[in-house]
There are 2 protein chains.
Amino acid sequence: MEALAEYFKVFSEPNRLAVLETLRGGSLNVTAVVDKTGLSQALVSKHLKLLTIAGVVKRRPEGSLVFYEVSDKTVFKLIGQAEKLLLATRRQQLDALAAIL
Amino acid sequence: MEALAEYFKVFSEPNRLAVLETLRGGSLNVTAVVDKTGLSQALVSKHLKLLTIAGVVKRRPEGSLVFYEVSDKTVFKLIGQAEKLLLATRRQQLDALAAIL
DNA sequence: TCACAGCATAACGGCATCGTGATACTGACG
DNA sequence: CGTCAGTATCACGATGCCGTTATGCTGTGA
């Protein structure tokens, strides 16, 4: 469906994935994410907004800072599963190649 | 990382997802996929090529027909998990909304 | 109240990718 | 050999998204 494709699209961007990875350990404020990723502040803000709209991340203002945290840690399982599948796929491709040569 | 994001990108397209869904039951030739999805032949060919390059699908010519099949059915688990997470996320968003109202 | 740090947003150029229509390739079959 | 169904590819216009630069907004603290 439409919605599912859009959900996958959330994870289809390297920098966005990097931002998300940053939040694996817990909540961070924007500047901390900027420092950890090395991305520009504007870009991090943009990706965090997207992640928030997608519901992957939750926004929590605290004083003059704004903290973000993953709303459902299960996403990391999804990411892990995708990594696993990706590896298996690569292996299969190599095997198929070896069968020809 | 780079590769993982690209892998997710494979599933970030409604029509491509529809093509893939078509192959859940087994292998089909291009025309069959075209009929099942209602998409144009050129478009189906394009998506099938992408899926093949990504390793999600395998190509098997048979006479004048070309059959495609999912190379690792685990992908459907990934899709299922994403669907589940998507639903859970939507629920959380509604709960958060209800908590405010 | 002013200045500054932290964060968000606007505007813009650039690039990738989507879908279409037309065309090329390739087996099967008469 | 010629034709046709099945499949792949090309060229193209259109759309969307990425990243940057510059600017706006909001709290905090002096």
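Each chain gets a letter, A, B and so on, in the order the sequences are listed, and its residues count up from 1. Since the structure is predicted, the reported quantities are computational estimates derived from the model, not experimental observations.
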[X] side-chain N/O to [Y] backbone N/O, donor-acceptor pair under 3.5 Å:
X: A/Gln81; Y: B/Val75; answer: no
X: B/Glu83; Y: A/Leu4; answer: no
X: B/Arg60; Y: B/Glu69; answer: no
X: A/Arg16; Y: A/Lys9; answer: yes
X: A/Ser12; Y: B/Ser12; answer: no
X: B/Thr22; Y: B/Val33; answer: no

In whole angstrom, what separates [X]'s [atom1] from [N]'s [atom2]?
X: B/Lys49; N: D/dC10; atom1: NZ; atom2: C1'; value: 11 Å
X: B/Leu51; N: D/dA8; atom1: CG; atom2: P; value: 12 Å
X: B/Asp35; N: D/dA5; atom1: CG; atom2: P; value: 14 Å
X: B/Arg59; N: C/dT26; atom1: CZ; atom2: P; value: 11 Å
X: B/Glu6; N: C/dA16; atom1: CD; atom2: C1'; value: 11 Å
X: A/Lys9; N: D/dC18; atom1: NZ; atom2: C1'; value: 13 Å
X: B/Phe11; N: C/dT17; atom1: CZ; atom2: P; value: 16 Å

Determine the minimum heavy-atom distance between A/Ser27 and A/Phe67, stating which atoms define it.
OG-CD2, 4.1 Å
Protein-proximity profile, nucleotides 19-30 of chain D, B/S/- by nucleotide at the 4.0 Å heavy-atom cutoff, equals BBBB----SS--
For B/Tyr68 and D/dA8, is the shortest distance between a side-chain N/O and OP1 or OP2 below 4.0 Å?
yes
OP1 or OP2 of D/dC18 versus the side-chain N and O atoms of A/Arg16: is any pair under 4.0 Å?
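Yes, such a contact exists.
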Any protein N or O atoms within reach of nucleotides 1-4 of chain C? Criterion: under 3.5 Å, listing atom names and distances.
none

Under the side chain to side chain donor-acceptor pair (under 3.5 Å) definition, can you give me all pairs with a residue in residues 30-39 of chain B, not counting sequence neighbours?
none
So, using ring-ring contact (aromatic ring centres under 6.0 Å, His included) as the criterion, who are the partners of B/Tyr68 when residues are at least two apart?
none
Can you tell me how far apart NZ (B/Lys84) and NZ (B/Lys77) are? Round to the nearest 0.5 Å.
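Answer rounded to 0.5 Å: 11.0 Å.
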Tell me, which of residues 27-34 of chain B have any heavy atom that sits under 4.0 Å from an atom in DNA chain D?
B/Asn29, B/Val30, B/Thr31
Please identify each residue that fulfils salt bridge (Lys or Arg N to Asp or Glu O under 4.0 Å) with A/Arg24, with sequence neighbours left out.
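A/Arg24 satisfies salt bridge (Lys or Arg N to Asp or Glu O under 4.0 Å) with A/Glu21 once adjacent residues are dropped.
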